[in-house]
There are 2 protein chains.
Amino acid sequence: MSWCSILVDLLIKNGVIITVNSKNEVISDGGVVIDADKIIDIGPMSKIQNYSFNNEIDAKGMVIIPGLINTHTHLAMTLFRGVADDVPGINWLPIIWSIEKNITAEHCYVGALLGCLEMITTGTTTFADQYWHMDRVVKAVNEAGMRANLAQGILELNEPDKGERELTESVAFAKKWNNSSNGRITCKLGPHSIYTCSPTLLQKTREAADEIDVGLHIHVAEAPNEPKMTKEKHGETSIEHLHNLGILKDDVLAAHCVFVNKADMKIMKQTNTSVAHCPTAMMKYGNEVAPIPELLEKEVMVGIGTDGCGSNNNLDMIEEMRTAAFLHKQNKREGTVLPAQQIIRMATILGAKSLGLENEIGSLEVGKKADIIMLDFKKPHLTPFHNCPSHIVYSAFGSDVDTVIIDGNVVMKNGQIITLDESKVLTLAQEAFEELLEIGGYSLSYEKNPKPGFKTNLTVKSFQTFLKLQQKLKGG
Amino acid sequence: MSWCSILVDLLIKNGVIITVNSKNEVISDGGVVIDADKIIDIGPMSKIQNYSFNNEIDAKGMVIIPGLINTHTHLAMTLFRGVADDVPGINWLPIIWSIEKNITAEHCYVGALLGCLEMITTGTTTFADQYWHMDRVVKAVNEAGMRANLAQGILELNEPDKGERELTESVAFAKKWNNSSNGRITCKLGPHSIYTCSPTLLQKTREAADEIDVGLHIHVAEAPNEPKMTKEKHGETSIEHLHNLGILKDDVLAAHCVFVNKADMKIMKQTNTSVAHCPTAMMKYGNEVAPIPELLEKEVMVGIGTDGCGSNNNLDMIEEMRTAAFLHKQNKREGTVLPAQQIIRMATILGAKSLGLENEIGSLEVGKKADIIMLDFKKPHLTPFHNCPSHIVYSAFGSDVDTVIIDGNVVMKNGQIITLDESKVLTLAQEAFEELLEIGGYSLSYEKNPKPGFKTNLTVKSFQTFLKLQQKLKGG
């Protein structure tokens with residue numbers, strides 16, 4: 001420290017930095033200088049100025065990348081991990097709902113704490129969530145020190161009053177929390193989907209969103225029978241339907257988009273609609289493959305999401321990146337599809353763009369928020385040390401994340417989370433889960449899905465029957 | 001310890017045990033009693049006899065399963081991790097060979113050490129390897145204390161003398177090492193494939209195998225152009241070709257079997273040919289999907305393999321299990337395909353059967369060898385604690401493996417490997433890799449594949465051209 005040096009909060013030194021800047025630069029022996037919540041310098045160690053610093057992290061043997069951005073999840077659903085596996089896709093939601101109908105705000109808080117814990121420890125610094133009891137998710141996010149884009153869900157289910165009520169709640173939530181916590185929390189409105197919200201409600205949601213200047217987070221063209229149902233009901237594709245209602249804009253985050261055709265893609269590009277691609281959940285339920293390479297080719301913004309733990313079953317973005325790469329290489333019968341560097345961009349800067357946060361996060365550049373993760377590469381499966389982007393996508397584990405910085409704060413160091421009491425969160429989550437089972441009349445099993453009562457042999461043939469069943473489950 | 005109790009080497013207590021026995025029993029609060037290399041008692045803690053023990057492991061919060069069995073890899077290729085990613089499938093082998101041609105026995109030893117380290121730390125206790133310099137792999141396996149089925153590779157490449165020479169070496173290797181190290185090491189002969197070995201050589205290999213009573217480990221119907229090439233050259237499918245040559249028996253381990261039709265499957269069932277399914281490597285190169293659900297339906301034995309690190313890029317069997325489940329659910333558009341319990345069977349008991357070791361390993365039962373792993377479930381991504389098979393397949397990381405026992409010996413405890421010096425192995429592997437790059441005239445890069453010289457734009461149109469290129473690369 002020389003007498004003329006600038007005092008800063010934190011220096012990270014001696015790491016390999018994957019910047020994810022517009023040139024995709026990788027710095028082989030680099031440093032990052034952080035003051036307050038921002039990156040104020042970054043580059044090769046030889047070019048980093050002589051700063052004084054309050055704290056220092058030696059990143060030798062580590063790889064430094066932007067914090068991962070999970071663009072679609074339902075955080076509190078961590079409590080449903082493992083309850084509806086290996087079942088026919090159409091039965092998944094009824095099974096989940098048979099437990100979910102009893103969920104309280106407190107359960108959601110605990111589930112969100114578990115989710116934040118899991119995300120931080122596996123390198124996710126920002127996530128987009130659409131669920132209920134979101135006030136309690138805010139509380140968990142603030143305790144964990146994460147960055148999040150939160151949307152209170154809106155379900156109408158052929159009950160206009162219910163739809164209106166949930167829209168009002170979603171708007172109130174967004175007004176209350178958007179741009180809170182030093183900007184760490186932003187909001188959207190959360191209309192669930194076009195098969196659970198009427199055209200009228202969707203339009204009202206759009207108007208309300210414009211009024212309070214937030215976007216929309218909605219499931220689009222996800223279920224195998226959605227295309228047929230939408231065509232029959234509205235004479236349009238899901239994307240056309242939303243477009244013709246005037247819903248689509250650059251603030252729309254459309255989860256899944258499995259069933260979109262070329263004309264839909266053109267609309268998505270025109271309207272700057274973003275996509276949250278969740279490959280694992282779609283594979284696990286035997287769904288079709290979303291046309292992600294085509295969407296990227298058309299310059300539609302595509303981020304990566306894990307979806308909720310009821311369907312994934314974890315929140316590990318490293319696994320999600322790998323699965324995305326493998327799935328599309330296999331689907332296109334071409335090993336060059338979605339190379340590692342591209343996948344990392346999807347999980348960082350494209351995710352940031354999908355959330356309208358590209359000026360804040362998504363790459364390691366001067367002026368951006370200090371949302372940074374460090375992976376410990378001194379591991380058998382990451383040796384020999386070279387080709388770091390590829391090792392991250394094709395070989396790393398979520399558990400290789402050693403250090404996590406969000407908004408300039410070190411929230412995890414040496415693999416230990418600082419902001420949450422890990423052991424306490426695990427205990428609370430176990431208790432909440434067992435309580436939900438008890439209320440629902442299910443018993444705990446180490447062998448397979450809780451039983452009895454899990455109707456895994458339900459044969460729900462159509463969405464009409466499905467919606468009726470759903471009503472029934474919600475009612476009883 | 002009462003005065004009348006039996007003295008044993010090791011008691012594991014208080015864990016959830018996934019036995020993978022014929023009833024697929026899961027014991028919620030169980031113990032395993034080990035003496036010398038064998039399991040001598042297993043059951044609920046309440047039914048475990050009162051033993052005295054030299055050592056004890058408390059498995060509270062852990063899940064105990066049979067050691068995972070990786071049925072197809074090329075162990076020393078850990079040194080090629082990350083050198084040929086995101087390239088057209090047809091270019092992969094030429095790229096690998098451009099480095100591999102310089103590999104020495106010492107490199108293979110170091111690569112095998114790295115492989116053993118990676119496998120043990122991620123829960124694999126047994127693997128099947130087909131590669132070269134296998135004497136040095138034996139040395140690594142013995143130092144690591146693993147169980148392995150090893151085959152010295154046989155490549156003919158239209159040079160009958162070379163083929164004869166390699167057959168002789170493969171036979172000498174198998175004779176020397178089969179059933180060595182308390183039976184931990186068994187051997188097969190390793191004819192590479194039908195496109196690199198002539199019918200004559202394959203038949204000689206079969207005769208030699210019968211003479212010394214070992215099986216064969218061979219790549220079958222893997223490459224997209226193998227079916228056409230085999231049809232043109234031999235008028236048969238790959239399976240028919242091998243069957244008509246009299247090669248197929250219950251001691252044949254056929255890696256991949258991507259391109260097998262119904263008639264082939266019938267032959268495979270009749271001959272009790274086993275399959276090593278390697279989903280990750282096949283997806284990564286954009287290959288077709290092997291018909292695994294169909295093969296299992298026909299009761300063909302299918303184990304799971306990672307393939308080598310040049311193509312996977314890791315040796316993590318937990319990831320491989322998950323990928324197998326997801327791939328086939330997606331491919332069949334049906335979430336019920338290959339449920340978690342079935343996947344675990346494939347990675348344990350079916351793997352054991354594929355290697356002819358079902359009386360020794362693959363399940364936790366009295367009389368079997370003590371090849372056991374324990375996963376620490378006190379983790380965010382494994383909470384809530386229930387449905388253990390599902391959590392392992394759909395949510396666990398390789399790094400959740402806490403303790404590994406092979407042949408009754410504790411080779412890893414509390415996440416720390418005991419038999420190898422981890423830090424030393426990582427250093428040796430890095431040095432070996434950099435030496436191979438230097439010999440080949442490549443430079444180290446943290447950004448992407450080593451360059452220059454990686455001809456990722458090669459357009460090898462046919463196997464004929466491919467074989468010529470391969471000869472050229474081997475030559476210079």
Side-chain angles (χ1 to χ4, degrees), chain A residues 16 26 28 79 81-82 85-89 92 114 117-118 121 280 283-289 313-316 323 326-327 329-330 332-337 339-340 378 380-381 383-391 394-395 397-399 422 426 429-430 433 444-450, chain B residues 16 26 28 79 81-82 85-89 92 114 117-118 121 280 283-289 313-316 323 326-327 329-330 332-337 339-340 378 380-381 383-391 394-395 397-399 422 426 429-430 433 444-450:
Chain A
V16 172
V26 176
S28 63
L79 295 185
R81 195 191 319 273
D85 295 334
D86 304 323
V87 300
W92 179 84
L114 178 62
L117 173 63
E118 185 183 347
T121 52
T280 299
M283 291 181 85
K284 185 151 176 278
Y285 293 107
N287 205 343
E288 300 289 330
V289 180
N313 295 353
N314 64 32
L315 300 170
D316 177 18
T323 304
F326 289 161
L327 172 62
K329 288 174 193 302
Q330 198 284 317
K332 292 289 173 196
R333 309 291 191 273
E334 175 55 66
T336 57
V337 169
K378 299 178 290 296
H381 60 287
T383 299
F385 192 165
H386 76 116
N387 198 359
C388 301
S390 181
H391 277 14
Y394 299 124
S395 198
F397 303 148
S399 54
E422 173 156 355
L426 298 187
Q430 186 71 26
F433 172 69
L444 194 64
S445 166
Y446 297 112
E447 189 181 349
K448 50 188 175 185
N449 300 338
Chain B
V16 173
V26 176
S28 64
L79 295 185
R81 195 192 318 273
D85 295 333
D86 303 324
V87 300
W92 179 83
L114 179 61
L117 174 64
E118 186 183 347
T121 52
T280 299
M283 291 181 84
K284 187 151 176 275
Y285 293 107
N287 205 343
E288 300 289 331
V289 180
N313 295 355
N314 64 32
L315 300 170
D316 178 17
T323 304
F326 288 161
L327 173 61
K329 288 173 193 299
Q330 198 286 316
K332 292 290 173 197
R333 308 292 191 272
E334 177 55 67
T336 57
V337 169
K378 297 179 291 295
H381 60 286
T383 299
F385 193 168
H386 75 117
N387 198 357
C388 301
S390 180
H391 277 14
Y394 299 124
S395 198
F397 303 149
S399 54
E422 172 155 356
L426 298 186
Q430 186 70 26
F433 171 69
L444 194 63
S445 166
Y446 297 112
E447 190 180 349
K448 48 188 175 183
N449 299 338

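None of these values were measured; they are calculated from a predicted model. Residue numbering restarts at 1 for every chain, and letters A, B, ... go by the order of the sequence lines.
Taking CG of B:D316 as the reference point, atom CD of B:E118 lies at 7.5 Å (rounded to 0.5 Å).
With a 4.5 Å cut-off on non-hydrogen atoms, A:N313 touches chain B through its backbone and its side chain both. For chain B, the nearby parts of A:L327 are the backbone and the side chain; heavy atoms of each come within less than 4.5 Å.
The most heavy-atom pairs under 4.5 Å with chain A, out of B:L114, B:V16, B:V337, B:T280, come from B:L114. Most heavy-atom pairs under 4.5 Å with chain A, from the set B:E288, B:E422, B:K332: that is B:E288. Listed options A:N314, A:L117, A:L79, A:V289 were ranked by heavy-atom pairs under 4.5 angstrom with chain B; first place goes to A:N314. Among B:P339, B:S28, B:A429, B:G286, the residue with the largest count of heavy-atom pairs under 4.5 Å with chain A is B:G286. The residue among B:L426, B:T121, B:V26 with the most heavy atom pairs within less than 4.5 Å of chain A is B:L426.
Residues A:T383 and B:F433 fail the side-chain proximity criterion, which asks for heavy atoms closer than 4.5 Å.
Using a 30° and 60° split on the angle between ring planes, B:H381 and B:F397 fall in the parallel class, below 30°.
Distance alone, capped at 3.5 Å, places no donor-acceptor pair between the A:K284 side chain and the B:F326 backbone. B:H391 places a side-chain N or O within 3.5 Å of a backbone atom of B:P384 that can act as its donor or acceptor partner. One N or O on the side chain of B:N387 and one on the backbone of A:G82 form a donor-acceptor pair closer than 3.5 Å.
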